[in-house]
Amino acid sequence: MISDLFSMTVLVGILASGIRLATPYLYAAIGETFGQRSGVLNLGVEGQMLLGAFTAFYVAIQTGNLWLGVLSAMIVGAVMGLAMAFVTVNLQAVQGISGIGFYLFGLGLSDLLFQRVLGTVETVKGFPKFNLPVLSDLPIVGEIFFQQNILVYISFALVPLAWFVLNKTTLGLKIRAVGENPEAADSLGVSVARIRYLTIILGGTLSGIAGASLSIALLNVFQQNMTSGLGFIAVALVYFGAWRPFGVLGGALLFSLVNSLQLWVQVLGIPIPSDIAVMMPYILTILVLVISVSRVRAPSALTKPFKREE
Amino acid sequence: MSKPSQENWYAKLIDIALPIFATLAALIVGAVMLLLLNVNPIEAYAALWEGAFGSQNALAETLVKATPLLLVGLGICISFRGDVINIGGEGQMIVGAIIGTQVGLRMVDSPGWLVVPLALLAGFAGGALWGGIPGLLKAYFNVNEILSTVMMNAIAVQLMTFLLRGPMIDPAQAELASKIPQTARLMENFRLPRWIPTRLHLGALIAVVLAVLVYILLWRTTWGYRIRSVGQNPDASAYAGIQVKNYIVLALVLSGAFAGLAGVMQVYGVNYRMITDGSGSGFTGRAGFNGIVAALFGQLHPLGTIPASILFGALLVGANKMQRVVQVPSALVIALNGLVVVFVVSSEIWRRKRQRRRLAAEMALQEGAPGESDGSEAAHYGGEVD
Amino acid sequence: MTERTILPSGHTQIDHLSMKGITKRFPGVVANHKVDFDVRSGEVHALLGENGAGKTTLMNVLYGLYHADEGEIILNGEEVVIESPTDAIEQGIGMIHQHFMLVETLTVAENVALGLRSSREPLTDLNKVSERILELAELYGLNIDPDAYIWQLSVGQQQRVEIIKALYRGAALLILDEPTAVLTPQEVDEFFCIIREMAKDGHALIFISHKLHEVIDISDRVTVLRDGKKVGTHQTAQATKADLARWMVGREVDFRPEIEQVEPGEVRLKVDNISCLSNRGTSSLQEVDLDVHSGEILGVAGVSGNGQRELAEVITGLREATAGRIFLDGEDITALPPISRTDRALSYIPEERMRDGMIKDFTVAENLILREHHKQPFSNWGFLNLKAVEQHSSELIHNYQIKTPSQETLAKSLSGGNIQKVVVARELSRDPRVIVASQPTRGLDVGAMEYVHSRLLEERLDGTAILLISEDLDEILALADRIAVIYEGQIMGIVPREEATPEKLGLLMAGVKEGV
Amino acid sequence: QAQPAAPEEEEGPFQIAVVMPSSINDLAFSQSMYDALLRVQEEMGGEEAMTFDYSDGMFVVDDAAAAIRDYAAEGYDLVIAHGSQYGSSLQEIAPDFPETSFVWGTTVDTFGIDNIFAYEAASDEGGYVNGVIAASLTESDVLGVVGPIETGDAKLYVDGFVAGAEATNPDVQVNVNYIGSFSDVALASEAANTHVAAGADAMTGTAQMVVGAIGVAEENDAMWFGTQSSQTELAPDVVVANQIYRWEVVLNEIIDLIGEGTLGGQSFTINLENGGEVIEFNPEYDLPEDVKDLADDTIQGIIDGTISTDVSE
Ligand SMILES: Nc1ncnc2c1ncn2[C@@H]1O[C@H](COP(=O)(O)OP(=O)(O)OP(=O)(O)O)[C@@H](O)[C@H]1O
Ligand SMILES: Nc1ncnc2c1ncn2[C@@H]1O[C@H](COP(=O)(O)OP(=O)(O)OP(=O)(O)O)[C@@H](O)[C@H]1O
Ligand SMILES: [Mg+2]
Ligand SMILES: [Mg+2]
């Protein structure tokens with residue numbers, strides 16, 4: 001039975017599903033990476049995702065236009081981000097709690113809207129699989145990587161893009177400086193507030209897409225609390241990735257792959273209690289960090305509101 | 001000199017009232033939502049108040065709800081002061097409860113005065129264990145504690161379902177087809193004393209006493225001094241000879257221990273057994289998270305966490321009552337909680353501003369009075385050359 | 001409308017800037033009280049005052065970092081509102097900050113480029129920036145690697161980065177808040193050349209320093225602050241060091257302490273063949289041998305970044321030695337953690353006081369027991385004895401004249417010099433047997449420096465072995481019995497004080513071995 | 001505890017309060033009860049005769065206990081605790097309100113307290129029928145099951161399904177996946193994907209998170225078998241049949257008993273025989289006649305007792 005795990009079908013299955021599972025994590029965690037690099041911890045990701053998921057679903061169902069759904073999810077996420085930015089930057093509220101506040105708000109409001117506007121669980125025709133020409137015909141690799149829906153591709157393309165923005169642009173330089181030493185950035189005329197607004201809104205926007213990727217691309221339904229902790233895992237993955245986009249990618253893939261492996265372990269009837277199998281991705285994610293000695297410190301100003309003059 | 005002190009008194013009162021105003025502001029926003037749902041907000045909020053403070057029983061329920069928040073919050077005060085962000089309260093509550101419950105299930109022949117304290121200690125130890133693991137991982141393997149505690153929450157939930165539907169299952173349920181994942185009920189004499197006829201149990205009092213002890217720990221002991229110093233500046237602490245790693249572990253161990261205690265108290269004070277609905281929060285009631293909110297509301301001060309827990313407990317209990325009375329979906333209640341949290345933390349800034357303004361005003365007052373060295377003395381050393 | 005002169009740096013000249021009636025209050029202190037201050041193009045105006053007199057505060061107001069409670073700023077005859085550094089920069093004001101405004105995790109080039117328009121927006125142009133940094137470094141004799149990360153640099157090197165950053169940007173008015181505190185005399189000379197050049201070009205410069213000879217050397221006018229109030233403004237040419245000191249402190253100051261002859265005793269601290277790595281992972285110390293005797297001050301001179309920080313950290317246990325051994329009173333302590341060394345009466349005054357010496361969010365009292373908090377009388381059975389803590393700190397605050405509103409004030413709100421006093425007070429008050437002192441008087445005013453020097457000499461008389469690491473040659477020449485010169489992680493030679501001249505030391509510091 | 005009398009003989013409507021773990025529109029466990037209450041209300045003659053209030057989303061056991069106590073104190077005639085995790089609280093509360101009737105499920109345990117009823121669903125029966133149909137229709141001989149947590153009603157259903165499938169087609173292989181959560185829709189969906197990749201052409205699953213799996217079934221044109229509530233709407237093309245809970249069978253009986261003055265002490269089961277469980281075939285789905293007959297025979301067999309679902313360990 002264990003040897004079944006190494007059959008081609010299973011390996012392809014694990015990889016393909018790992019990549020799908022990683023998609024929402026990538027959107028949310030890359031967005032969170034920007035926020036944290038600029039010194040803002042947003043624990044409201046899950047709430048933003050839920051509202052994004054609902055909005056995308058509702059708009060898609062009403063208009064039949066999936067891209068309009070994605071766009072409205074982005075807007076809703078951005079608005080949540082804007083609110084979060086106002087509260088943490090202007091009002092200098094403790095980031096940890098305000099994030100939890102926004103999470104609860106998103107969790108409740110998305111469910112409330114769902115009950116009042118939709119009333120019942122429905123399905124939508126989401127983004128179809130989009131086989132990349134040529135690439136999707138490659139044996140094995142094609143099936144794993146290139147027969148996914150468009151939002152999956154975009155999420156992966158986001159990783160190098162984020163890396164590029166953070167490390168190669170003046171904006172990225174400002175973001176990194178603001179997250180490490182806002183006083184220094186401020187003294188050079190960099191507006192800490194503007195940078196943080198930007199990253200938090202960007203984070204919200206990406207969380208919105210993360211939600212949309214669930215409700216109109218991967219699952220094609222909306223259900224109350226459908227993210228079920230996914231947003232918090234995404235935040236954790238930012239720490240796993242040590243605030244580096246490629247590190248985050250590694251974490252998201254690891255977590256998702258082990259999760260799909262875990263599903264296969266059960267399907268193949270390998271005699272492990274189901275609860276223990278479900279623990280696997282969580283344990284392994286920690287273990288990988290234990291063996292890979294990383295010495296990266298969190299951005300020094302993370303969670304610290306910036307105010308000039310004490 | 002009576003005037004300044006009187007002003008001070010006013011100022012303090014306004015400071016205290018500030019979060020209450022913020023809560024009211026959030027409720028006004030909530031009122032709009034209620035109106036959209038065709039619910040009379042006044043009726044709804046009357047129910048909320050009634051449910052939180054309206055009767056002896058309501059008040060007791062509020063305190064019952066506040067107890068785990070306070071306990072978890074105390075742990076949070078310790079760890080956050082040590083700059084260790086413990087998000088693992090949920091898992092630590094669960095593991096504390098599991099180990100504490102084992103004591104009650106195994107020592108059935110022992111007297112209650114022995115079992116109950118032992119069980120509470122076991123819960124304390126269980127939470128310490130579940131907090132200690134991320135602590136060790138952080139100190140010795142540089143594994144970020146936010147990541148590990150979030151992951152350990154999920155692991156604890158699965159561990160709980162595994163145990164409750166297998167090794168620890170209620171023998172009565174093991175016989176039945178329903179196989180409810182729950183342990184056997186605790187013996188009558190193993191339960192924390194209650195303030196009959198309410199559910200208010202001794203744990204609430206214990207939690208308040210512990211708040212005082214945590215205050216002493218943090219500001220009156222060398223352990224507390226070191227935890228805070230490591231939290232503020234590990235480099236300087238290392239140079240001062242403090243074993244930074246040990247205190248990182250200690251911060252998480254203690255933080256987890258208090259959450260573990262909160263968990264075991266839910267068993268010995270409220271539910272009298274462990275039950276799971278498959279989620280962590282079914283057992284913890286999200287106290288592992290809400291405790292963080294309470295502690296931060298309390299400015300990470302153990303004594304400040306007491307009123308903060310009560311406020312938050314009242315809100316949770318009152319909102320449930322509101323849901324029953326005016327029949328709004330639980331979703332609205334959750335969204336409303338979120339709003340209150342956001343509004344209250346946002347209101348903090350006014351308090352800080354007021355404080356600053358007050359200090360500045362005081363000083364402007366002092367400047368009027370002659371000081372030790374003033375301009376005339378300075379002039380003695382040389383005037384303007386230009 | 002008068003056309004304003006455009007400076008070579010491209011900024012519009014600031015003919016005259018004046019601050020009128022500036023008042024700035026902080027909880028518990030009035031940092032500036034109705035201060036008038038002005039500066040013109042082409043002049044260097046020095047700002048002088050004891051630690052905590054309000055110099056930095058006044059400059060922070062000018063740079064938009066603080067908002068004055070009262071007062072106005074008049075630029076070229078018009079009132080301006082400077083709300084933020086952005087406004088200040090827009091007006092052509094630049095500043096070198098006393099507490100460096102550097103981002104530790106970024107490289108030198110990135111720190112310099114931050115906030116500037118890139119030549120290829122939106123992309124960075126770090127290569128260009130690096131080139132220009134190297135040019136500037138060459139021009140001004142400030143040796144700096146643009147690709148190094150700030151956290152890998154010593155304070156002296158960071159100081160140079162801070163200077164380069166300001167020069168790179170150029171400014172019509174440049175504020176220099178203690179830019180020379182950790183530079184070597186040669187570097188100071190070169191730096192002053194730059195400043196004179198700038199003044200000649202029409203820049204306006206404000207210069208803060210506690211080194212009176214520097215003030216006399218470079219400034220045209222000097223304004224003295226005391227307790228937040230202006231004491232007076234003078235033409236520097238007409239003032240002597242003694243005048244300046246008197247204006248600042250309000251009494252006479254003794255610059256050259258008498259050094260009593262002490263017969264050095266047994267070896268207290270022995271550094272035996274020590275090697276270690278730098279923060280960059282490259283080889284730092286190489287087979288360093290040093291003996292410090294009881295009753296002796298061994299000075300370590302050298303250009304910042306040649307292994308001084310590593311030497312101090314290896315001895316105190318904060319850095320691992322890759323080879324060699326360290327002995328304290330004959331006991332091998334190479335493998336002992338910092339606390340065991342502390343408990344063996346080793347005191348340490350670190351060069352990075354904010355990072356290694358202070359807990360910014362602790363109160364002054366709490367900081368003063370950082371090393372001894374676990375011992376009698378501060379701790380009984382693990383409980384802190386608040387009475388003893390309070391008594392101890394009020395004693396030290398008095399003895400070292402630490403200017404603080406109260407002992408409950410958070411350390412981070414003290415002035416730079418007073419923070420240094422807290423560290424020094426703590427380390428010297430614990431009856432040490434060996435002291436490792438890195439830049440112990442960095443940023444201290446003359447009075448405080450005098451006190452610290454006399455305390456170090458007292459310790460020496462008591463038989464303490466003192467390793468004095470300083471970039472201030474004057475200080476080393478004034479205090480040390482023997483002077484070891486360090487260059488690229490190696491000891492170039494050890495010179496007895498009688499034989500030491502600045503020239504001789506200068507050659508060694510530049511890596512030239514004598515007599516070869 | 002003060003106990004306001006709530007005599008049923010009074011002309012006021014019969015008042016029911018219900019506490020449920022998930023929301024009333026979860027297309028699963030909680031909705032099955034909510035829908036049943038609506039039907040009971042209609043049968044009894046609308047709001048004049050019966051009213052009910054609910055607290056949904058009561059996943060916190062402790063909050064549910066407070067709600068139950070509060071409802072009892074408010075004088076409701078019948079308080080339903082719709083979730084097996086609530087039993088312990090009932091055991092404590094019921095004795096304080098001897099004139100209120102309480103009922104909980106799913107279980108058979110009334111704790112020997114005479115104002116507590118209990119109910120359960122023989123979900124294995126419908127599971128068995130679904131398994132028989134799935135095993136007859138499968139071409140790949142691989143079936144997939146997406147379960148939440150291996151316990152209670154869910155486990156019973158899954159075991160029934162496996163037994164039914166294996167009894168019908170010895171070659172069939174049933175892959176079972178418990179995802180460890182009632183709410184993780186994404187993981188449920190990926191579990192379904194895993195089943196498809198493993199060759200399954202028919203799937204089932206239970207609890208509210210399976211909505212994620214149904215979409216996958218539809219996308220891959222795999223058959224789906226529902227339980228608890230009707231899931232046909234979600235994927236009309238692939239849903240073959242649903243086991244539907246009709247709790248009104250139990251509720252009606254309990255309401256009658258309360259009318260007669262019996263407030264508890266009995267337990268009830270909904271099953272195929274008493275009509276508490278109904279197999280609803282999707283009219284849109286083109287079910288072959290022989291399979292339909294086999295399904296009907298199986299239902300009849302279970303009712304008659306000639307077929308045993310064989311899940312009791
Ligand atoms: N952010 C702040 N918060 C509170 N108090 C402050 C703050 N900044 C400065 N002060 C106080 O204002 C006074 C003046 O400080 P300032 O830094 O201007 O002194 P300074 O003249 O620059 O001294 P030094 O030579 O030591 O650098 C000090 O008493 C200091 O404690
Ligand atoms: N405040 C003062 N009170 C009394 N005497 C002073 C004072 N300041 C300086 N002197 C005396 O003036 C003389 C010159 O001082 P010092 O040796 O410190 O300066 P220097 O070495 O000439 O200057 P530099 O360090 O710039 O080369 C000394 O004899 C010193 O004692
Ligand atoms: Mg200063
Ligand atoms: Mg001199």
Side-chain angles (χ1 to χ4, degrees), chain A residues 41 43-44 47 83-84 86-88 90-98 100-116 224 228-229 232-233 235-240 242 251 273-279 281-283 285-286 289-291 293-296 298 303 307, chain B residues 33 36-37 80 85 87 133-134 137 140-155 157-163 165-166 279-280 286 289-290 292-293 295-297 299-300 328-350 352:
Chain A
L41 166 71
L43 283 182
M84 172 93 190
F86 178 71
V87 164
T88 54
N90 294 71
L91 302 183
Q92 294 173 1
V94 185
Q95 293 171 7
I97 345 179
S98 42
I100 291 179
F102 281 110
Y103 155 58
L104 292 175
F105 178 73
L107 173 66
L109 188 64
S110 62
D111 189 9
L112 194 62
L113 289 170
F114 164 61
Q115 291 185 25
R116 292 292 139 157
Q224 60 142 342
S228 126
F232 287 96
I233 300 287
V235 174
L237 291 177
V238 175
Y239 288 87
F240 182 98
S274 58
D275 330 275
I276 307 293
V278 173
M279 283 182 205
Y282 303 96
I283 295 177
T285 312
I286 297 178
L289 275 193
V290 169
I291 32 185
V293 263
S294 94
R295 297 240 146 268
V296 187
T303 74
K307 42 187 183 288
Chain B
M33 289 163 67
L36 289 176
L37 292 175
F80 278 37
I85 311 301
I87 310 280
I133 295 171
L137 293 176
Y140 293 97
F141 297 95
N142 208 28
V143 175
N144 183 285
E145 75 279 12
I146 295 192
L147 174 109
S148 56
T149 49
V150 165
M151 299 282 161
M152 300 257 314
N153 282 343
I155 296 171
V157 172
Q158 295 305 323
L159 184 69
M160 169 169 69
T161 29
F162 172 73
L163 290 174
R165 70 181 183 81
S279 74
R286 286 212 187 92
F289 286 122
N290 292 339
I292 302 177
V293 178
L296 288 169
F297 270 2
Q299 317 242 316
L300 292 181
V328 288
S330 57
L332 177 97
V333 171
I334 294 173
L336 202 56
N337 274 336
L339 279 178
V340 171
V341 170
V342 171
F343 274 64
V344 172
V345 282
S346 299
S347 72
E348 267 294 294
I349 190 168
W350 313 119
R352 285 198 299 266

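Side-chain atoms are counted along with the backbone in the values below, which use heavy atoms only and exclude waters and symmetry mates. Naming: A, B, ... by sequence-line order, numbering from 1 per chain.
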Segment of B:Phe297 engaging chain A (4.5 angstrom heavy-atom cut-off): both
Among the listed options B:Asn337, B:Leu36, B:Ile85, B:Val143, the residue most often paired with chain A at heavy-atom distances under 4.5 Å: B:Val143
Which atom of A:Leu91 lies closest to which atom of B:Ser346, heavy atoms considered: CD1-CB, 3.5 Å
Rounded distance (nearest 0.5 Å) linking atom CD1 of A:Ile233 with atom CG of B:Leu147: 8.5 Å
Greatest number of heavy atom pairs closer than 4.5 Å to chain B - which of A:Tyr239, A:Phe105, A:Phe232: A:Tyr239
Nearest non-hydrogen partners of B:Ala335 and A:Leu109, listed with the distance: CB-N, 3.8 Å
Heavy-atom pair with the smallest gap, counting every atom of B:Met151 and A:Ile286: CB-CD1, 3.7 Å
Pairwise distance CG(A:Leu104) to CG(B:Leu336) - rounded to 0.5 angstrom: 11.0 Å
Validation row: B:Arg165, A:Pro273 side chains within 4.5 angstrom (heavy atoms): yes
Contact origin within A:Gln92 toward chain B - heavy atom pairs under 4.5 Å: both
Non-hydrogen atoms of B:Leu137 and A:Val290 that approach each other most closely: CD2-CG2, 3.4 Å
Top contributor to chain B interface from A:Leu237, A:Asp111, A:Leu112, A:Thr285 [non-hydrogen pairs under 4.5 Å]: A:Leu112
CG-CD1 distance between A:Leu43 and B:Ile87, expressed to the nearest 0.5 angstrom: 5.5 Å
Residue selection (most heavy-atom pairs with chain A, distance under 4.5 Å) from B:Met152, B:Arg352, B:Gln158: B:Gln158
CD1 on B:Ile292 to CD1 on A:Ile100, rounded to 0.5 Å: 5.0 Å
Which portion of A:Ser274 sits near chain B, non-hydrogen atoms under 4.5 angstrom: both
Euclidean distance, B:Met160 CE relative to A:Asp275 CG, rounded to 0.5 Å: 10.5 Å
Criterion side-chain contact (heavy atoms from CB on, under 4.5 Å) against B:Ile155, the qualifying member of A:Val278, A:Ile276, A:Ile283: A:Ile283
From A:Asn90 atom CG to B:Ile349 atom CD1, the distance as rounded to the nearest 0.5 Å: 8.0 Å
Interface residue of largest heavy-atom contact number with chain B, from A:Tyr103, A:Phe114, A:Phe102, A:Phe86, under 4.5 Å: A:Phe102
Interface moiety of B:Val150 toward chain A, non-hydrogen atoms closer than 4.5 Å: side chain
